[in-house]
J.: 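The structure's right below; bear with me while I get my questions together.
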Amino acid sequence: MADVANGVALALDGEGDTFALSALLAQDDTVALAAIRVLGADVLAPYALGGDAARGGPDGEAVRKALAAYPPTPGASDVSLWSYRGLAEASRTFLPHSGADMAAEARPGDTWLRTDPWPVLAHRASQLAALSLPGLAPALAVGLAARTEDLARGFVRAVRRRDWLQAAGVGRWLVRVPDVPDSLGLGAGLRYVRRMSGGDPRVALHTAAARRFSGGGPG
């Protein structure tokens, strides 16, 4: 998982060769497929920058295998269902020529977007940071945008608790929603989070994505 996260972060930072998920892992390895499911839509984040989607044939196959190998279990949490659906959606959106068929998709709930206390909301938002890519999960983006203040509180709390992964994940949503107060110092805060994380590859991925995909509002 660390290798894939580092590869995605480097691609988003504009370093290294042309990105290919399939070059970072062995497609038939069960651990590699599990890494794709854990990282979710972020495994295809470099494709959101544009470019030749025809390159993504092997990557689309890797995603199909991961979705087939690790579907949500009965009674799975909304976070798990959102993540699964987001990975399928990313494949269709960013690799339109991959031939992916994701017909059987989970239907996650969204009541928590309106009812969760802010600490719980921030935690769930950070777990779903991979869905903050352009064009993915518009309902989720709109719901979180309506709670910008709560996300900001969650970001500050995560930094104070030195929970760098949660801070980076919440920060990804904040860079894309309106009305974030300047007093939050979000840009400097995300740079601080990356520096203090000690090279955590998932923090590096989140902060690189925050720089690349900031602004634009929900959806």
Side-chain angles (χ1 to χ4, degrees), residues 1-72 76 79-102 104-106 108 125-137 140-141 165 168-169 171-173 176 194 197 199-213:
M1 186 169 67
D3 290 342
V4 177
N6 276 324
V8 172
L10 287 173
L12 293 176
D13 281 334
E15 301 178 19
D17 298 326
T18 301
F19 176 80
L21 171 65
S22 53
L24 300 175
L25 46 79
Q27 290 194 41
D28 293 324
D29 180 72
T30 56
V31 175
L33 297 180
I36 292 175
R37 275 288 283 118
V38 171
L39 292 174
D42 268 339
V43 299
L44 300 180
Y47 285 110
L49 299 173
D52 183 8
R55 295 181 287 110
D59 289 358
E61 177 66 16
V63 170
R64 283 198 300 274
K65 289 180 177 179
L67 289 168
Y70 297 102
V79 166
S80 179
L81 297 177
W82 275 108
S83 177
Y84 184 87
R85 187 177 184 182
L87 179 57
E89 189 177 356
S91 179
R92 287 196 302 266
T93 301
F94 304 136
L95 301 177
H97 305 299
S98 68
D101 180 11
M102 312 298 181
E105 286 186 26
S126 71
Q127 292 178 302
L128 295 173
L131 276 69
S132 68
L133 295 170
L136 297 189
L140 182 62
L165 182 58
R172 277 186 70 173
W173 287 109
R176 300 196 64 237
R194 183 165 188 172
S197 72
D200 184 306
R202 296 187 70 185
V203 172
L205 193 165
H206 286 327
T207 53
R211 288 194 301 275
R212 280 290 197 168
F213 304 114

J.: Using 0.5 Å steps for rounding, measure from the OG1 atom of Thr207 to the CZ atom of Arg212.
T.: 13.0 Å
J.: Do the non-hydrogen side-chain atoms of Pro201 and Met1 ever get within less than 4.5 Å of each other?
T.: no
J.: Between Leu12 and Phe213, is there a side-chain heavy-atom distance shorter than 4.5 Å?
T.: yes
J.: I want to check something: taking the side chain as every heavy atom from C-beta on, are Asn6 and Leu24 in contact at a cut-off of under 4.5 Å?
T.: no
J.: Evaluate side-chain contact (heavy atoms from CB on, under 4.5 Å) for Val43 paired with Asp59, printing each intermediate quantity in order.
T.: CA-CA 9 Å; Val43 299; Asp59 289 358; over 6 Å; no
J.: Just wondering, do Ser80 and Arg37 contact through their side chains at under 4.5 Å, heavy atoms?
T.: yes
J.: Do Leu44 and Ser91 touch side chain to side chain, with heavy atoms closer than 4.5 Å?
T.: yes
J.: What distance separates His206 NE2 from Ser126 OG, expressed to the nearest 0.5 Å?
T.: 7.5 Å
J.: Return the minimal non-hydrogen interatomic distance between Gly60 and Leu95, and the atom names on each side.
T.: N-CD1, 3.6 Å
J.: Looking at every non-hydrogen atom in both residues, tell me the closest pair between Arg194 and Asp13 and how far apart they are.
T.: NH2-OD2, 3.3 Å
J.: Would you check if Leu140 and Arg85 make a side-chain contact, meaning some heavy-atom pair closer than 4.5 Å?
T.: no
J.: Under 3.5 Å, is there a donor-acceptor pair between the side chain of Trp82 and the main chain of Leu128?
T.: no
J.: Once you round to the nearest 0.5 Å, how far does CZ of Phe19 lie from OH of Tyr47?
T.: 6.5 Å
J.: Nearest heavy-atom pair of Arg202 and Leu165: which atoms, and what distance?
T.: CB-CD1, 3.7 Å
J.: If every non-hydrogen atom of Ala62 is compared with every non-hydrogen atom of Leu21, which pair is closest and at what distance?
T.: CB-CD2, 4.4 Å
J.: Which heavy atom in Leu136 sits nearest to a heavy atom in Ala41, and how many Å separate them?
T.: CD1-CB, 3.7 Å
J.: With side chain to side chain contact (heavy atoms under 4.5 Å, CB included) as the test, pick out the partner of Lys65 among Ile36, Thr30, Leu33.
T.: Leu33
J.: What closest approach, in Å, do Tyr84 and Pro71 show between heavy atoms, and which atom pair accounts for it?
T.: CE1-CA, 3.6 Å
J.: Could you list the residues that satisfy salt bridge (Lys or Arg N to Asp or Glu O under 4.0 Å) with Arg172, not counting sequence neighbours?
T.: Asp42
J.: So Phe94 and Leu133, do their side chains get closer than 4.5 Å, heavy atoms only?
T.: yes
J.: For residues 126-136, which residue pairs qualify under salt bridge (charged side-chain N to carboxylate O under 4.0 Å, His left out), counting only residues two or more places apart or in two chains?
T.: none
